[in-house]
There are 2 protein chains.
Amino acid sequence: MSQNIAETDLFADHRITAMGLFTEAFTGVSAKLANQIVGHKLVMAEFEVLLRLSRSPGGRLRMSDLAAQTSLTTSGITRLIDRLERGGLVERTACPSDRRGLFAQITDLGRARLTDVLPEHLGLIDTWLIDLLEPAELEGFLGALRKIRDAVRPGAAAGTAEPVEDHHAK
Amino acid sequence: MSQNIAETDLFADHRITAMGLFTEAFTGVSAKLANQIVGHKLVMAEFEVLLRLSRSPGGRLRMSDLAAQTSLTTSGITRLIDRLERGGLVERTACPSDRRGLFAQITDLGRARLTDVLPEHLGLIDTWLIDLLEPAELEGFLGALRKIRDAVRPGAAAGTAEPVEDHHAK
DNA sequence: CAAGAGTACTTGACGAGTCAACGACCTGCG
DNA sequence: CGCAGGTCGTTGACTCGTCAAGTACTCTTG
């Protein structure tokens with residue numbers, strides 16, 4: 001029953017395997033973390049936004065800056081901030097220098113929520129990522145990730161991401 | 001680079017940075033690949049399903065096996081196969097030994113679509129992953145990924161390598 | 001051999017994101 | 001000045017996924 005050997009080999013290329021491994025490892029860790037976040041009535045993207053706000057001067061960022069720093073569109077950020085605002089974790093405040101613009105501002109409740117979530121979250125990162133690797137191995141791993149990140153997301157090192165823009169043949 | 005870690009640095013922990021790097025690298029590569037797939041009127045999950053079907057004996061798998069091998073629920077698989085079937089890339093066929101069950105069977109059109117997509121896809125994996133790393137570095141990287149994958153997804157090793165023909169287990 | 005329990009898939013309702021098309025505002029230039 | 005053309009954020013319509021419940025079948029067991 002087995003023929004089409006050449007074709008079959010194309011479908012089982014080692015590059016597919018490598019990418020599959022990358023995917024399984026990342027989505028596996030990611031699922032562990034997401035699972036904890038969900039237990040605190042947040043989704044990953046919301047947690048990430050709260051974290052970025054908490055680290056920004058004044059605890060606030062422009063909607064469009066949030067969109068640039070995450071992998072969401074501005075419309076996605078609008079809806080995400082809607083949800084967080086409904087929950088009292090952020091509020092929208094006017095931007096004095098540009099009346100089109102809005103700040104998303106983390107509230108005390110938002111910071112408190114982060115403080116609830118973070119310690120356990122860091123522990124999970126240790127358990128499912130850091131502690132699995134020898135120190136030297138971890139260094140090599142992070143170095144490889146940095147090379148890849150710099151290649152695929154030029155200018156993202158300081159936190160400014162840009163939507164991938166490549167469109168191919170149609 | 002570890003300095004005095006005050007409590008407010010909780011929000012800027014090195015573990016957050018490491019996980020952020022993992023996320024940016026993976027989502028970056030993933031976006032490059034997804035972008036190509038979308039150019040061929042598929043989404044990533046559909047491409048993955050076609051690939052798994054093409055490598056399985058008879059070009060078919062049970063719906064529930066597909067769900068187990070991907071990160072979708074059985075209900076997600078139902079709707080994904082609906083779309084592929086509507087496009088003529090797979091068909092549902094009865095399972096003779098269990099009348100509840102269905103096979104998703106890749107069609108010739110489905111295989112042709114894969115053959116269209118794959119060569120360029122493999123090239124992109126080279127460009128945005130493999131070729132970025134020195135051979136030894138790549139080995140270390142894959143080794144680390146394997147450790148992580150084995151920790152977070154016990155029993156998923158068969159993922160992208162060998163077809164698993166094992167229904168009616170337990 | 002008939003329940004009862006469990007499995008395989010589908011469906012309805014909904015959540016979370018995208019894109020395209022706004023209205024509101026800002027800026028540069030004739 | 002005045003307005004053409006960009007940017008900021010929101011909204012409507014849609015896609016792709018989840019969960020919970022439902023239907024149809026299979027397995028176990030007294």
Side-chain angles (χ1 to χ4, degrees), chain A residues 27 30-31 34-35 37-39 41-50 60-87 89-105 160-167 170, chain B residues 27 30-31 34-35 37-39 41-50 60-87 89-105 166-170:
Chain A
T27 59
S30 192
N35 196 55
I37 298 296
V38 165
K41 300 283 177 280
L42 289 174
V43 300
M44 259 298 188
E46 292 163 355
F47 173 68
E48 185 189 347
V49 162
L50 284 181
R60 58 201 187 130
L61 282 172
R62 289 285 295 269
M63 302 292 279
S64 46
D65 291 338
L66 278 174
Q69 288 178 26
T70 61
S71 57
L72 297 186
T73 61
T74 66
S75 137
I77 288 291
T78 291
R79 301 189 202 277
L80 188 152
I81 296 294
D82 284 349
R83 299 195 302 270
L84 290 180
E85 194 166 32
R86 220 173 294 133
L89 305 181
V90 306
E91 24 186 59
R92 285 176 165 88
T93 65
C95 173
S97 66
D98 184 342
R99 280 193 299 175
R100 293 168 305 179
L102 290 175
F103 285 109
Q105 164 98 44
T160 308
E162 162 194 11
V164 182
E165 190 80 59
D166 228 26
H167 249 283
K170 197 261 86 201
Chain B
T27 59
S30 191
N35 197 56
I37 297 297
V38 165
K41 297 284 175 277
L42 289 175
V43 301
M44 259 299 187
E46 291 163 355
F47 173 68
E48 185 189 348
V49 161
L50 284 181
R60 60 200 187 133
L61 282 171
R62 290 284 296 268
M63 302 290 280
S64 45
D65 291 338
L66 279 173
Q69 289 177 26
T70 61
S71 56
L72 298 185
T73 61
T74 65
S75 136
I77 289 291
T78 291
R79 301 191 201 276
L80 186 152
I81 296 295
D82 283 349
R83 298 196 302 270
L84 290 179
E85 194 166 32
R86 218 174 295 134
L89 304 182
V90 306
E91 23 185 61
R92 284 176 165 89
T93 66
C95 173
S97 66
D98 184 343
R99 281 195 297 173
R100 292 167 305 179
L102 290 174
F103 285 108
Q105 164 98 44
D166 189 47
H167 18 96
H168 102 64
K170 8 194 85 197

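Numbered from 1 within each chain, the chains take letters A, B, ... in sequence-line order. In this text, all values refer to a predicted model and were calculated from it rather than measured experimentally.
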- salt bridge (charged side-chain N to carboxylate O under 4.0 Å, His left out) filter on B/R79, not counting sequence neighbours, yields none
- Note on the structure: Nearest-nucleotide check on DNA chain C, A/L80 vs A/S97; residue mapping nearer the 5' end is A/L80
- Taken in chain and number order and not counting sequence neighbours, the residues that satisfy side chain to side chain contact (heavy atoms under 4.5 Å, CB included) with A/T93 are A/F103, A/Q105
- Message: According to salt bridge (charged side-chain N to carboxylate O under 4.0 Å, His left out), who are the partners of B/R99, at least two apart in sequence or on a separate chain?
- Response: none
- Check the distance between D/dT18's P and A/M44's CE and give it to me in whole angstrom. 17 Å
- Heavy-atom pair of closest approach, residues B/L102 and B/A94: CD2-CA, 4.3 Å
- With B/S64 via side chain to side chain contact (heavy atoms under 4.5 Å, CB included) - residues at least two apart: B/R62
- Query: Could you give the start and end, 5' to 3', of the contact zone on DNA chain C for chain B, using atoms under 4.0 Å from its heavy atoms?
  - Reply: C/dG6 to C/dA13
- Message: Just to verify, what does A/R92 make a salt bridge (charged side-chain N to carboxylate O under 4.0 Å, His left out) with, not counting sequence neighbours?
- Response: A/D82, A/E85
- Task: Would you classify B/S71 as touching base, sugar-phosphate or nothing, given that sugar-phosphate means primed atoms plus P, OP1 and OP2, and contacts are heavy atoms under 4.0 Å?
- Result: sugar-phosphate
- By side chain to side chain contact (heavy atoms under 4.5 Å, CB included), B/E48 pairs with (sequence neighbours left out) B/R52, B/T70
- Item | Footprint string (nucleotides 7-16 of chain D, 5' to 3'): B base within contact, S backbone only, - free, heavy atoms under 4.0 Å | BSSBBBB--S
- Note on the structure: Here the distance between atom P of D/dT18 and atom CG of A/N35, to the nearest Å, is 14 Å
- Task: Identify, with sequence neighbours excluded, every residue that meets ring pair (Phe, Tyr, Trp, His ring centres under 6.0 Å) alongside B/F47.
- Result: B/H121
